[in-house]
Amino acid sequence: MNKTKQIKKCLFPAAGYGTRFLPATKAIPKEMLPILTKPLIQYGVEEAKQADIDTMAIVTGRGKRSIEDHFDVSYELEHQIKDTSKEHYLFDIRKLINNLTFTYVRQKSMKGLGDAILTGRSLIGDEPFAVVLADDLCVSDSIGVLSQMINIYNKYGKSVVAIETIDKKDSNKYGIIDGKEIEKSLYQISNMIEKPAPKDAPTNLAIIGRYILTPDIFDILKNTKPGIAGEVQITDALQTMAKKDQVLGLKFDGRRFDCGSLDGFVQATNYFANLENI
Ligand code: G1P
């Protein structure tokens, strides 16, 4: 087994505008939209905590202060609710606040996911880390998706992206990978392209919003030119690593809801409503 550094930090790029959910996202960050009673980003934080990660590094932007308030104590509310029948509503969030560290940095302008991750460098330092895109809500009957990916990282010591099979006609919504299966559901990635047209997509294997990245990604990102949409793309930076056989793709066990789309958001809501017998 490779000797790998433990993954202790998870980066949450959360500076985007959430235009697809306007007008709801006019004054509320899209990461704070709830699936039932829990904001999207809280699901991601819980998945990271389950993977033994204790520091949540959140890249925010203007208008995102409610994320910081959510992961902080509200003394007024605590005072109001203490020893009432409603106190249990706060149990889960209190556990996160008491057991985790939350750090923040602001991305000044929207220059893409790659730029958001590079902005998080000051919070991460020189160690491997996880990335969660809160829009992608993942559930699993076994261990969480990040835990599955960390197991792979611990074995190989390489960056890992989560992948799933998509309809090829949707390839222009995703980073698409090509590679060879080296063990069941695990690919050594040889090529990755950000949002190719279906005719240019080498496979129907799409990257979803979970990454384990080795810290050399930061210097690579610094030297990565803006790609599609004029933005610095994490997929392009990872392609530099993939050329050296340093990126793996894991077809994870579980299900992912694309809560960045209305359709996925409704599906996730129905899924959790069913679980709760609502
Ligand atoms: C980002 C990534 C893309 C990935 C997707 C997963 O795109 O750039 O490679 O497939 O997340 O959700 P976005 O959805 O931010 O446009």
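Values reported hereafter were calculated over all heavy atoms of this structure, with side chains retained and with hydrogens, waters and symmetry mates removed. For ligands, and for the atoms within them, numbers begin at 1 and follow the listed sequence. Residue numbers start at 1 and run along the sequence shown.
A pairwise comparison of heavy atoms in Asp136 and Ile208 identifies OD2-C, 3.7 Å as the closest pair. Minimum heavy-atom separation, Val161 to Met149: C-CE, 3.7 Å.
Atom 14 (O) of ligand 1 is not flagged as protein-proximal [any protein heavy atom, distance under 4.0 Å].
Listed by number with element, the atoms of ligand 1 under 4.0 Å from a non-hydrogen atom of Thr235 are 9 (O).
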Compile the donor-acceptor pairs under 3.5 Å between side chains in residues 103-115 and protein atoms, sequence neighbours left out, one pair per line.
unit_1, atom_1, unit_2, atom_2, d
Gln107, NE2, Ser109, O, 3.4
Gln107, NE2, Asp115, OD2, 3.0

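Clustering of Ile, Leu, Val, Met, Phe, Trp and Tyr by side-chain heavy atoms under 4.5 Å joins Tyr174 with Ile166, Ile176.
Considering backbone and side-chain atoms alike, Gly175 places an N or O below 3.5 Å from some N or O of ligand 1.
With hydrogens left out, the protein atom closest to atom 8 (O) of ligand 1 is Glu194 OE2, 2.6 Å, a heavy atom. Protein heavy atom at the shortest distance from atom 4 (C) of ligand 1 is Ile207 O, 3.5 Å. With respect to atom 12 (O) of ligand 1, the closest heavy atom belonging to the protein is Asp136 OD2, 2.8 Å. Annotation: atom 11 (O) of ligand 1 to nearest protein heavy atom, Leu133 CD1, 3.4 Å. Closest to atom 16 (O) of ligand 1 among all protein heavy atoms lies Lys195 NZ, 2.7 Å.
Between the side chains of Asp263 and Ser261, not a single donor N or O lies within less than 3.5 Å of an accepting N or O.
At a threshold of 4.5 Å between non-hydrogen side-chain atoms, the residues Thr101 and Asp54 do not count as touching.
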